[in-house]
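For reference, the structure is listed below as C-alpha cells.
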Amino acid sequence: MKQLYLLLGLLLSFNICAADSLNFSNPRIPEAPPGASVMAAYMEINNTGNEQIDIIDIKSPSFKSIEMHLSKEVDGFAKMLPQKQLSIPANGKLILEPGGYHLMLIKPSKWFKQGEKIKLNFTLSNNESIKLEVSIKKTRSRGMKCAAGKCGGM
Ligand SMILES: [Cu+2]
C-alpha cells in the first residue's frame, strides 16, 4: 500500500507542467473601428512556479498572425519593438498594457465587436500550449489616437 502511494505521488509530481503555473488576469482586447487592420491584447500573466516561463508563439483562428511587441520611446519617437518571446519570471508577473508589452493582433478575419470572444493559443518554449479566451471590450480610444500621432489637439 505504501508503495502504491509513493507511485501515485510520483505520477502526480510528473504531471505538474509549466502551463499550470501561469494565471491570466484581466485579459482584454479593446474594440477597434471597422476596417482596422490591427488590434491589441492586454493582460497580466502571473507565474506561480519556481522557474521562468517563456511564451514563444501565439496564434488565433481570428487573426492572420500575432506578434509580441514592446512599446518604447526611441529617440523621441514611440516605437513598437517586436519581441521573440515574452518571459514571465519565476514567482513573478509580466504585465501587458498600453505603452508597454502587448500582443499585436494582425489582420482580423472580420470586424469584432464588444462582447465577442477571441481564442488565443500560446506556445511555451517547452512546447506546452495554453488556450485562452479573451473578450472584446469597449475602452477609451485615447491610446489608439496617440499611436496614430494625434494625441491631444485636433
Ligand atoms: Cu504593437
Side-chain angles (χ1 to χ4, degrees), residues 15-154:
N15 267 331
I16 293 170
C17 53
D20 293 333
S21 302
L22 290 187
N23 295 304
F24 297 80
S25 50
N26 195 20
R28 62 210 187 271
I29 297 173
E31 188 186 87
S37 58
V38 293
M39 298 172 78
Y42 307 112
M43 64 196 69
E44 184 177 311
I45 310 173
N46 283 279
N47 179 3
T48 57
N50 293 319
E51 282 180 38
Q52 173 178 307
I53 296 176
D54 301 321
I55 296 169
I56 57 164
D57 189 52
I58 306 166
K59 285 190 167 54
S60 170
S62 305
F63 292 86
K64 190 171 177 237
S65 61
I66 297 180
E67 292 180 3
M68 300 171 264
H69 283 177
L70 172 60
S71 289
K72 221 177 178 182
E73 203 162 293
V74 181
D75 299 328
F77 293 96
K79 287 199 171 168
M80 298 198 289
L81 311 174
Q83 308 288 301
K84 280 208 175 102
Q85 61 181 49
L86 294 177
S87 300
I88 303 96
N91 297 298
K93 64 183 171 186
L94 178 73
I95 298 176
L96 308 187
E97 60 188 348
Y101 286 101
H102 59 275
L103 307 185
M104 203 91 252
L105 315 175
I106 298 162
K107 295 211 172 135
S109 56
K110 67 177 196 78
W111 180 34
F112 292 105
K113 284 173 273 186
Q114 180 177 27
E116 290 190 82
K117 287 188 163 66
I118 301 293
K119 286 192 172 84
L120 299 180
N121 199 345
F122 297 77
T123 303
L124 309 182
S125 56
N126 63 359
N127 277 324
E128 286 177 37
S129 66
I130 300 175
K131 286 181 175 26
L132 185 69
E133 267 198 353
V134 184
S135 295
I136 307 281
K137 288 183 178 159
K138 266 214 163 85
T139 57
R140 289 169 299 155
S141 59
R142 205 167 52 108
M144 297 295 270
K145 279 182 189 152
C146 284
K150 289 179 183 172
C151 292
M154 295 292 292

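What you see is a predicted model; the values in this text were computed from it and never measured. Numbering of residues begins at 1 and proceeds along the displayed sequence. Note: hydrogens, waters and symmetry copies are ignored here, and every other heavy atom, side chains too, is used. In each ligand, atom 1 is the first atom listed, and ligand 1 is the first ligand listed.
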Point to revise | In the protein, N/O/S atoms that are found under 2.8 Å from the Cu ion (ligand 1), waters not counted | key: His69 ND1, Met80 SD, His102 NE2, Met104 SD
**Study point:** Qualifying ring-ring contact (aromatic ring centres under 6.0 Å, His included) pairs, either residue in residues 24-43, two or more places apart
**Key:** Phe24-Phe122
Exercise for review: Carefully, step by step, assess Glu133 and Lys117 under the rule salt bridge (charged side-chain N to carboxylate O under 4.0 Å, His left out).
Suggested key: CA-CA 6 Å; Glu133 267 198 353; Lys117 287 188 163 66; 5.1 Å; no
Check your understanding: Quick one: side-chain hydrogen bond (donor to acceptor under 3.5 Å, both in side chains) partners of Lys59, sequence neighbours excluded?
Key -> Asp57
Point to revise | NZ/Lys72: more than 12 non-hydrogen atoms of other groups inside 6.0 Å | key: no
Point to revise | Intermediate values then yes/no, salt bridge (charged side-chain N to carboxylate O under 4.0 Å, His left out), Glu116 and Lys110 | key: CA-CA 11 Å; Glu116 290 190 82; Lys110 67 177 196 78; 2.7 Å; yes
Point to revise | Qualifying residues under side-chain hydrogen bond (donor to acceptor under 3.5 Å, both in side chains), relative to Glu67, sequence neighbours excluded | key: His69
